[in-house]
Participant: 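Okay, here's the structure, questions in a sec.
Indexing begins at 1, ligand by ligand and atom by atom, following the structure's order.
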Amino acid sequence: MNSEEFKKIGHEFVEWMAGYLENIEDYPVKPKLKPGDIYRQLPDLPPGEGESMAAIFRDFREVIVPGMTHWQSPSFHAYFPGNSSKPSVLAEMLTATLGAQCMVWATSPAATELEDRIMEWLREMVGLSTEWVGSIQNGASDATLNALLTARERASGFTTNHTGLTTNNFRVYASEQIHSSVDKAVAIAGIGRDNLVKIPVDEAFALQPAKLATAIDRDIAAGKRPLMIVVGMGTTGTTAIDPLAEIVAIGRKNNLWVHVDAALAGTALILPEMRWLAAGLGEADSFVFNPHKWMFTNFDASAYFVRDKQALINTFSVTPEYLRTAEDDRVNNYRDWGIPLGRRFRALKLWFVIRSYGCKGLQEKIRLHLQLARWFKRQVEADDRFELLAPVPLNTVCFRAIKPGASLAELNAFNENLMHRLNQSGELFLTHVKLNGVFTLRMVIGQTEVAKKHVEKAWQLIKEKAFK
Ligand SMILES: *Cc1c(COP(=O)(O)O)cnc(C)c1O
């Protein structure tokens, strides 16, 4: 492809991108497809000869786009927001054009130094003190594994990386509602899933600290070695808020690593009125939140912060670092801050997003999402054909439709069927969670362009499909 063609096609693509975003509400949010429908339209073998960009782009529009779930639709209320924005998309084009590897300072000094700055900005935005240092990770799952490996190394005097686990009586604690990435992390880190202790939750689906304290005491008495607590600040199912300050106190008393998983909720900390979420956070050991969820930055960009930078680097650096302190270094080599060696230039899109919206612009959007969630919650509460099934501290409303005299099984089937019919309509997309055996609909409000009218439309449609 020569430069002239690149320009021409590039402009066409940008036209398409703008049109897509303008007309996104015309697409069914979730495609009506059976497994294999897309696969069958793709050739068995790769082309021998090069094809024209026109042909490739046509197939993108005709084969791929109809098979996409439209995460950027303002009527996307499923799972969690994976929101993006125009500044983020534009930055990604530049990142791809530069095509740089950003594993160490020397491989792209500006990428490292922008990441240094952006992590300071994010730290300031969410209200962490300068004791904390951060880096961009692929996702919250990676950050949680990163925290567990660091905790394991620190607890073993940085020997396990060399010897492998010699004995294993480590124990990790988290609520029954914690994200599955913790189950994965204990498996990968060699701690073992049998050593992940799931602590019961209260009626708000938050971890019960007294039960945590008892579990730790019991383990110590049995000769086990409590290692880490993972705290959910906004669990995936219901956005439950584990009582961080109390948990941190238990962690400190027993000398455990306290990791705070705020994948979604962390973004809410940019609002002064939501800082109550962070009470106790200053005494935790690590904290992760995903700008690629709720901060208008396309996947991937996960912000991972720790207080003990040296423990982190001792865990991940493959050159012996024990005798070196991080302060000796004049630069950050981010390959030593996590699992992958190769790193994309992800700070660039965060820079574009934060500068383009400004902190105020970002705050306004998050504040709107919280207001819309409260509005939706009030509709559910005011209508006796529906019930609320969990508190709404953030942007997710857990609810179901009810019918007098119906059994649990009947209500579960009724709500599951309602969800399928709603999603089949293409007008919106929402997903569910099972809470104490109850099939629960989740209405998540966090897309970049979501407005009151979309949430009103969703509520109207839910009522119609349920009761007409
Ligand atoms: C989404 C989510 C995760 C996983 O995040 P990834 O970035 O996809 O790895 C972990 N924890 C919570 C609470 C989440 O909501």
Participant: Answer yes or no: is there a side-chain heavy-atom contact under 4.5 Å between F296 and S88?
Facilitator: no
Participant: Does the pair D142 and K184 meet the rule for a salt bridge (Lys or Arg N to Asp or Glu O under 4.0 Å), with working shown?
Facilitator: CA-CA 10 Å; D142 303 65; K184 235 184 193 176; over 6 Å; no
Participant: For S356, give me all partners under side-chain contact (heavy atoms from CB on, under 4.5 Å), at least two apart in sequence or on another chain.
Facilitator: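 Partners of S356 by the side-chain contact (heavy atoms from CB on, under 4.5 Å) criterion, ordered by chain and then number, come out as P87.
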Participant: Answer yes or no for R335 and W337: cation-pi contact, defined as NZ/CZ to six-membered ring centre under 6.0 Å and angle to ring axis within 45°.
Facilitator: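 No, R335 and W337 do not form such a contact.
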Participant: Quick one: side-chain contact (heavy atoms from CB on, under 4.5 Å) partners of D300, sequence neighbours excluded?
Facilitator: N138, H292, R344, R346, K349
Participant: Please enumerate all residues that pass salt bridge (charged side-chain N to carboxylate O under 4.0 Å, His left out) together with E25, with sequence neighbours excluded.
Facilitator: none
Participant: Can you tell me which residues line ligand 1 if we count any heavy atom under 4.0 angstrom from one of its atoms, in chain and number order?
Facilitator: G139, A140, S141, H179, S181, G234, T236, D261, A263, N290, H292, K293
